[in-house]
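Scroll down for the structure; my scribbles are underneath it.
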Amino acid sequence: MEGVPGMNTVPNPNHYDKSIVLDIKPLRSLRPVFPNGSEGPPFVGCPPFGPSSSTTGYSHFFPFGAQQPTQDTPDLNQTQDTPPPSFVPPLRSYRTPTPVSNGPSSSTGAKRGRPKGSVNAKKKDKTVPKEPTLDVQVVKRFSGVFDCGISAAEREDGTGDLVSSVLMRFDAVRRRLSQVEYAKAATAKAAGSLMSNGVRTNMKKRVGTVPGIEVGDIFFSRIEMCLVGLHMQTMAGIDYITSKAGSDEEPLATSIVSAGRYDGEAQDPESLIYSGQGGNADKNKQASDQKLERGNLALERSLRKGNGVRVIRGEEDPASKTGKIYIYDGLYSISESWVEKGKSGCNTFKYKLVRVPGQPPAFGYWKAVHKWKEGLTPRTGLILQDITSGVESKPVSLVNDVDNEKGPSYFTYISTLKYSETFRIIQNTAGCSCRGSCAPGDLNCYCIRKNGGDLPYLYGVFLVSRRPMIYECGPTCPCHASCKNKVIQTGLKFRMEVFKTANRGWGLRSWDPIRAGSFICEYAGEVKDKGELRMDQEEDEYVFDTSRVYSSFKWNYEPALVDEDPADEIPEEFNLPSPLLISAKNFGNVARFMNHSCSPNVLWQPVICEGNGESVVHIAFFAIRHIPPMTELTYDYGVALTSEARDGSVLHGKRHCNCGSVKCRGSFG
DNA sequence: GGCTCCTCATCTCT
DNA sequence: CAGAGATGAGGAGC
């Protein structure tokens with residue numbers, strides 16, 4: 001198809017060696033679109049999508065005699081000549097690479113300004129309807145067609161499973177849209193897609209707590225809070241229940257978002273001075289007195305009635321200077337209100353809110369971490385400043401504030417794998433020959449080609465979606481050290497601590513907030529074989545074993561929500577050339593302290609670092625969902641397939657599980 | 001339909 | 001080249 005934006009920056013598809021691309025095809029077609037709960041492998045229904053297939057599966061239906069989307073349905077990916085559909089998406093997908101570092105490819109076709117076909121073209125550029133915008137496509141193709149699996153009742157009132165499922169589906173879609181051409185407004189686009197397809201919950205406005213949302217939960221955009229009913233205003237800082245038509249009731253405040261940029265905010269974690277809304281100066285408007293209406297009236301009314309108001313603290317995201325992070329800090333009560341002159345000299349409403357006692361720390365942790373980092377207050381129970389002895393670029397503290405144990409047993413800290421010659425997988429590969437940063441869609445790049453044309457990561461930080469295998473540029477690839485396809489080799493990104501848990505020995509957690517998809521660490525240790533390990537397996541609890549049985553779960557984006565063909569969906573199950581055993585008993589990194597959970601917040605992904613004419617499989621850990629500061633990091637250890645592990649149809653691990661999750665299977669390992 | 005909102009992500013200018 | 005300012009899109013509620 002002519003005139004497709006982005007095409008001009010990518011080599012002509014006819015020039016590819018199609019056999020290379022088609023090699024990848026089998027990997028993409030192994031897996032059903034969505035696992036059906038009743039037919040899945042053991043342990044299907046583990047988080048995040050919950051035990052009910054009603055929240056995971058989807059099916060198409062065609063109400064009102066609507067035309068079924070057939071092969072004839074206009075699809076931007078399809079040309080009349082129909083090249084193999086399997087390799088079309090990457091070609092269409094990639095926008096002009098963002099100019100980064102000194103990559104030569106980034107300057108060739110770099111467009112200035114907003115490209116045609118982007119959202120802006122909707123109104124202005126009606127003469128070029130070649131590529132409808134994403135939202136138009138979504139409405140056209142999926143309105144009334146896509147079954148989101150969320151019932152009308154669940155849309156009104158949510159549960160913990162539903163909330164985390166909605167947030168995960170949102171972020172998967174957001175990451176995918178960022179990865180392909182809609183990077184500009186990926187957040188808004190993702191939200192639009194989910195909302196128009198009914199993927200949301202807790203839409204009923206309510207005072208007080210919201211089902212499935214806990215104090216301390218973090219969010220990375222206002223729209224996320226909107227999707228799960230914590231704060232339903234995308235822009236306004238005050239949310240409230242309006243009076244019913246015909247009644248003379250006044251509005252009642254439900255939640256506020258503190259932006260942290262007004263006077264008196266964000267200092268004391270137990271109280272907050274909040275400014276009313278309205279009266280702000282605008283380009284076309286002078287500042288004016290605020291009026292006692294809308295949110296201001298609602299807060300006033302809540303003050304008199306004494307109802308709790310949810311408070312969300314907005315802060316700068318430490319990982320991104322332009323980004324914001326929102327911390328749900330629980331319920332506050334409004335203690336007083338007054339009017340004062342603002343900077344502009346106009347009347348501004350002020351409200352003092354005091355945190356309801358007895359809630360776990362949330363914003364309090366945030367403030368505490370800042371003080372620990374700046375050395376203003378010492379970390380309670382600190383045993384060792386840095387257990388890595390400088391091996392990692394960021395220190396990892398050792399902390400015990402529960403008992404007198406002085407630390408875990410001795411081991412040597414290493415940051416990656418140790419392996420002998422026998423474990424090298426000899427392949428005829430020398431990595432890529434790119435200079436600068438490898439670019440998505442550039443099938444001249446060996447490493448990109450191995451990834452099916454995708455750059456599997458976003459901004460060199462986030463895993464976009466799980467894959468059977470990820471191929472990183474290795475140390476001998478000539479691309480720059482900041483190449484966005486080098487992620488797990490770049491070390492720890494978060495300030496972490498090894499800490500003593502109440503009942504699970506030592507554990508790992510982060511002082512920093514961790515956004516969904518973030519790379520956390522790899523599993524460092526000695527690569528061993530079965531025989532070698534069998535000799536000391538009894539006491540070696542620090543083994544990572546890829547041959548165990550792992551819970552199946554859906555983490556990747558749903559093609560329908562990003563207007564892609566489900567047939568192109570990449571399977572999430574790993575695909576290792578041979579089983580991999582890593583022992584971190586004597587040599588290891590922070591990963592050896594990550595405990596098992598049946599409701600984990602971390603997943604693992606096999607990664608091969610190319611180059612040197614050999615490839616070694618690494619195990620890399622990524623965040624399943626947003627992880628608040630000081631929350632323990634856990635992953636699913638799986639269950640070993642030994643003869644004693646089988647008991648009828650149920651698999652039993654060797655170790656008793658203390659994860660405390662409602663979905664706890666009771667054992668693991 | 002028009003207006004507003006303690007926004008979001010980008011581009012442009014300094 | 002970082003930081004500030006400009007910009008237009010965006011959803012929901014009134």
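Here is the naming used below: chain letters follow the sequence lines, and residue numbers restart at 1 for every chain.
- Spacing between atom CG of A:D239 and atom C1' of C:dA12 amounts to 10 Å, rounded to whole angstrom units.
- Among the heavy atoms of the strands, none lies under 4.0 Å from A:G323.
- Residues satisfying the side chain to side chain contact (heavy atoms under 4.5 Å, CB included) test with A:A236, not counting sequence neighbours, are A:Q233, A:Q277.
- Computed from coordinates, the A:L177 CG to C:dA9 C1' distance equals 15 Å when rounded to whole Å.
- Scanning for side chain to side chain contact (heavy atoms under 4.5 Å, CB included) contacts around A:S335 gives A:K352, A:V354, with sequence neighbours left out.
- The salt bridge (Lys or Arg N to Asp or Glu O under 4.0 Å) analysis of residues 213-234 of chain A, with sequence neighbours excluded, yields no pairs.
- As a whole-Å value, the separation of A:I238 CD1 from B:dT7 P is 12 Å.
- In this structure A:D512 satisfies the salt bridge (Lys or Arg N to Asp or Glu O under 4.0 Å) test together with A:K373, sequence neighbours excluded.
- Between A:V166 and A:I150 there is a side-chain heavy-atom pair separated by less than 4.5 Å.
- For A:K189, a side-chain nitrogen or oxygen approaches OP1 or OP2 of C:dG10 to under 4.0 Å.
- Between A:R200 and the phosphate of C:dA12, there is a side-chain N or O to OP1/OP2 separation shorter than 4.0 Å.
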Output the pairing pattern of DNA chain C as a dot-bracket string, 5' first, Watson-Crick or G-U wobble with both distances under 3.5 Å, | for cross-strand pairs, [ ] for crossing pairs. .||||||||.||||
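- Every residue meeting the side chain to side chain contact (heavy atoms under 4.5 Å, CB included) condition with A:Q290, not counting sequence neighbours, appears here in chain and number order: A:N296, A:T348, A:F349.
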